[in-house]
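Worksheet: the structure to be examined is printed underneath.
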Amino acid sequence: MKRLVSGIKPTGSLTLGNYIGALRQFVKLQDDLLDTEMFIFIADLHAITTPQDKAQLKKNIKSIAALYIACGLDPDKVNLFIQSEIPHHAELGYVMESTAYVGEMERMTQYKDKKHKQTQGIRTSLLTYPALMAADILLYDADIVPIGDDQKQHLELTRTLAARFNQMYGDTFVVPEAFYPKTGARIKSLTEPEKKMEKSALNPKSYILLLDDINTAKNKIRSAVTDSEAIIRYDVKEKPGISNLMTIFASLSDVSIKDIEEQYKDSDYKTFKEDLATLVGHTLEPIQARYHALMKDPSLDQTLDLGRERARLIAMRKMAKVYKRLGLGRQK
Ligand code: ATP
Ligand code: MG
């Protein structure tokens, strides 16, 4: 049996970008990859690399777990758990810090981007984030790691660290493969389409939340930044705004970009945006209905307990092996 691992930080509520780039892919994979066991976690330890409001963080953790299931993740097929409830993530994170070089961390573009957004001191863990991410993956001997472009560099580093550790201390970790979803790998901000849509962004108009009021979500599509050419044509460089909306349309409808161009060749932005707004509404409505039902259901906690126990068993064994390889403690 192969293993797939992936996580999402509870730094905000989930966006349409997270849905298209991550959640929806997981749902597809759980049905397609029958020989693969899935470990999906809420990466709350990663969230505290930047300041968080405690009450909000607590709320996000549970809310995101419910959203995963509301988006179609089957708790019987997938091990869903919360990262901080398994101490071995932090333990192996430290070992990975002791495997990586400072220069490697400093080269990560996500660190360079995110550090500029900090108004208070930059936390050390923002720099060492990829070590914890490597740990998340290597603990479970993941064969497959589905990621968006934004995580490419981190996954490359994970592979480097796994190979380095194996070479220094003997075969311990599986070197994981990245898995890139085909369409909609990266959804852009609705207000600054050169940038990625991010749940931790400051401007709420830049993203659509899966839990946004349906009318609010539609309005965000209607007011999304485009250009003055008024032709529905896919050109990421010259027309990033409309291209992004086309990507969203294609991802949610399974109509190809080419067919969208054809279908709207005599149309205008207003019509296209209106159709997209409707499509977004139809996507969010059933997710929200399932979400609200789940938040009242005690089975959510049971799912998270079961996921934790299954994951913990594997993590514990791996960690014992790692300490032994390193010569730590008294284990023979
Ligand atoms: P943050 O602002 O805290 O970084 P985020 O929205 O970027 O939040 P992450 O927790 O960093 O979300 O990423 C969760 C998952 O969602 C990852 O698999 C990532 O590749 C994917 N993802 C994030 N943003 C997008 C996006 N705009 N388009 C497609 N996939 C995305
Ligand atoms: Mg991110």
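Below, each value reflects all heavy atoms present in this structure, side chains not excepted, and no hydrogens, waters or symmetry copies. We count ligands from 1, going down the list as the structure has it; atoms in each ligand are counted the same way.
- Geometrically, ligand 1 and K199 share a nitrogen or oxygen pair separated by less than 3.5 Å.
- Note on K270 versus D268: no salt bridge recorded, every NZ/NE/NH1/NH2 to OD/OE distance being 4.0 Å or above.
- Contact annotation for D150 and ligand 1: only side-chain heavy atoms (C-beta onward) come within less than 4.0 Å of the ligand.
- By the 4.0 Å heavy-atom criterion, N18 is counted among the residues contacting ligand 1.
- Salt bridge status for K117 with E198: present, with a side-chain N to carboxylate O gap under 4.0 Å.
- Classification of R222 and E274 as a salt-bridged pair holds, one side-chain N sitting under 4.0 Å from a carboxylate O.
- Remark: aromatic rings of Y111 and Y129 are distant, center separation not under 6.0 Å.
- Between E37 and R310, at least one side-chain N (NZ, or NE/NH1/NH2) sits under 4.0 Å from a carboxylate O, which counts as a salt bridge.
- Close contacts of ligand 1 with S200, meaning ligand atoms under 4.0 Å from a residue heavy atom, involve 1 (P), 2 (O), 3 (O).
- Only the side chain of A22 comes within 4.0 Å of ligand 1, counting heavy atoms alone; its backbone N, CA, C and O stay farther away.
- At least one heavy atom of K114 sits closer than 4.0 Å to an atom of ligand 1.
- We find that E156 and R159 are joined by a salt bridge, their nearest charged nitrogen and carboxylate oxygen being less than 4.0 Å apart.
- The closest approach between I8 and ligand 1 falls below 4.0 Å for a heavy atom of the residue.
- Here's the thing with G7: none of its N/O atoms is less than 3.5 angstrom from an N/O atom of ligand 1.
- The existence of a salt bridge linking D227 and K239 is confirmed by a sub-4.0 Å separation between a basic side-chain nitrogen and an acidic carboxylate oxygen.
- Considering backbone and side-chain atoms together, S6 places no N or O closer than 3.5 Å to any N or O of ligand 1.
- When only modelled atom types and interatomic distance are considered, T15 and N18 share a side-chain donor-acceptor pair under 3.5 Å.
- Remark: ligand 1 atoms within the under-4.0 Å shell around heavy atoms of R186 are 28 (N), 29 (C).
- Each of the atoms 29 (C), 30 (N) of ligand 1 lies under 4.0 Å from some heavy atom of G21.
- The N/O atoms of T11, backbone and side chain alike, include one that comes under 3.5 Å of an N/O atom in ligand 1.
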